[in-house]
Amino acid sequence: MTTKREHFGGRIAVIMAMAGSAIGLGNIWRFPYMVGEYGGAAFILVYILCSFILSFPIFLTEAVIGRRTHSNAIGAMNQLAPRSFWTVLGYLSVITPTIIVSYYSIVGGWSIEYFLKSFSLDFGEFRPSGWTPLLFNTIFLGLSAGIVAFGVKAGIEKFNKISIPLLFVLIVLIMVYALNMPGAEKGVDYLVKPDFSKITGRTFAFALGQSFYAMSLGMGIVITYSSYIHKDENLVASGVGTVLAALMFSVLAGFAIMPAVFSAGIAPSSGPGLVYQTLPHVFTGMGASSPFLATCVAALFFFSVIVAAMTSSISLIEVGVAYLVEEKNFKRSTACLVIFAVTWLLGLASVFSIEVFGKVDAFSSNFLLTAGVLLVVLFVGWKMKKEDVRDEITNHGKLNNGIFEVFFFLVRYVAPITVITIFITNLVL
Ligand code: PHE
């Protein structure tokens with residue numbers, strides 16, 4: 001390794017970067033719908049439970065690997081378990097995010113297109129595939145890779161430190177507006193009415209899958225970002241901050257989106273349909289009575305989606321870039337260019353076919369991600385020395401000693417069993 005490694009400048013910077021990766025399309029287009037469909041407040045409870053009992057310890061296992069080795073995902077596994085089966089985890093951790101960013105950035109591109117369309121309030125029909133999406137995808141991907149090229153501190157840290165607070169302000173503004181629309185209560189009911197009868201085994205599988213995706217687990221991101229965390233930083237505190245930020249944003253997004261959807265008398269949907277079909281209807285409807293306000297709300301909303309998606313795609317790109325810089329001695333700018341080119345080429349398949357897009361999304365978020373999570377918990381729970389794990393979580397006995405045993409138990413037994421169950425559920429469903 002020839003390069004001198006950079007570090008994030010403190011806990012706030014770590015939490016902002018991790019939250020930037022976590023907060024994204026998953027929180028905006030999947031979470032609100034899942035809440036409504038799977039039991040309202042009851043689902044939120046299940047989700048919080050899953051986040052703290054499983055996603056949080058899993059987040060910490062990745063953080064342990066990253067911070068202990070101060071290395072990219074492949075380098076980290078080569079250090080901890082050289083020439084063993086476990087290096088697969090390193091490769092998977094670099095391949096998965098590179099595949100994900102190839103379609104994630106297409107959605108980022110749609111958001112730029114819709115942001116521009118907000119100014120005329122003329123959204124037209126939703127055209128997810130073709131030359132226009134390719135153009136906007138290129139812009140979105142180029143901007144994301146460009147920010148990564150500036151480096152960990154001047155690029156990633158700086159962008160997240162501005163974007164995350166801004167995103168919270170924007171989503172609260174939109175929420176206040178939405179909650180004051182006529183008939184907004186029905187949207188609130190949809191999100192909060194607890195219905196425990198809707199909670200089944202499947203709900204748990206969905207809640208967990210969503211929680212893993214939302215926390216960006218199982219794809220080398222937490223490993224890579226944690227490798228930029230200082231030795232004396234408290235990993236547990238950074239993890240709690242990240243879980244809370246992602247959770248809060250999901251709930252706020254729900255209360256910003258669903259009241260508006262119900263106020264317009266439209267049935268809610270999930271996925272791209274919610275953001276690029278349902279909401280444009282809502283904005284156009286609003287525009288009939290107050291075009292200026294509708295334009296502002298629509299533009300602010302799509303701007304937020306662009307920023308939320310960009311903070312996530314930056315984290316996806318950084319995983320591959322860190323690998324190329326550290327293992328292959330690339331210059332950072334060249335590495336960014338290479339990852340840009342590879343993901344752009346991969347994305348061609350998804351940008352011209354929405355079926356391929358759906359398949360790539362399902363394959364990576366159900367299969368690759370779950371496999372990554374499973375390997376990482378097995379590695380930290382069973383292969384690494386328990387004392388090494390303890391050292392990392394407790395900073396050599398200085399912190400968090402009380403929770404270590406609980407954490408380790410969850411990682412060793414509860415997490416693998418649950419993840420295998422989800423894996424099977426995903427295959428069968
Ligand atoms: N966590 C992001 C979201 O909820 C998505 C994401 C997935 C980001 C994977 C990075 C990696 O949208």
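Read the numbers this way: they start at 1 and go in the same order the structure lists the ligands and their atoms. By convention here, the first residue in the shown sequence is residue 1. Scope of the values below: all heavy atoms of this structure, side chains included, with no hydrogens, waters or symmetry mates.
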What atoms in ligand 1 come closer than 4.0 Å to a heavy atom of [X]?
X	value
Met219	7 (C), 9 (C), 11 (C)
Ser216	1 (N), 6 (C), 8 (C), 10 (C), 11 (C)
Gly26	3 (C), 4 (O), 12 (O)
Gly24	3 (C), 4 (O), 12 (O)
Asn27	3 (C), 4 (O)
Ala22	1 (N), 2 (C), 3 (C), 4 (O)
Tyr104	2 (C), 3 (C), 5 (C), 12 (O)
Leu25	3 (C), 12 (O)

Closest non-hydrogen atom pair, Pro57 against Leu410: CG-CD1, 3.9 Å
Side chains of [X] and [Y]: is there a donor and an acceptor less than 3.5 Å apart?
X	Y	result
Tyr38	Gln210	no
Ser55	Ser211	yes
Trp344	Thr138	yes
Tyr228	Glu318	yes

Min side-chain heavy-atom separation Leu80-Phe379 under 4.5 Å: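 A side-chain contact exists here, since the closest heavy-atom pair is under 4.5 Å.
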Contact (N/O only, under 3.5 Å) between Ser312 and ligand 1: no
Contact check: Ser21 vs ligand 1, nitrogen or oxygen atoms, below 3.5 angstrom: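 Yes, at least one N or O pair falls under 3.5 Å.
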Pi-cation contact, Phe363 with Lys359 (under 6.0 Å, within 45°):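 Cation-pi check for Lys359 and Phe363: fails.
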Residue-ligand contact Ala214/ligand 1, heavy atom below 4.0 Å: yes
Location of contacts on Ile221 toward ligand 1, heavy atoms closer than 4.0 Å: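 Contact part for Ile221 vs ligand 1: side chain (C-beta onward).
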Part of Tyr213 within contact of ligand 1 (heavy atoms, under 4.0 Å): both
Chi angles and distances behind the side-chain contact (heavy atoms from CB on, under 4.5 Å) call for Asn395, Arg67: CA-CA 11 Å; Asn395 288 7; Arg67 214 255 309 248; 2.7 Å; yes
Flag, side chain of Ser269 to backbone of Leu274, donor-acceptor distance under 3.5 Å: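 At least one qualifying donor-acceptor pair exists.
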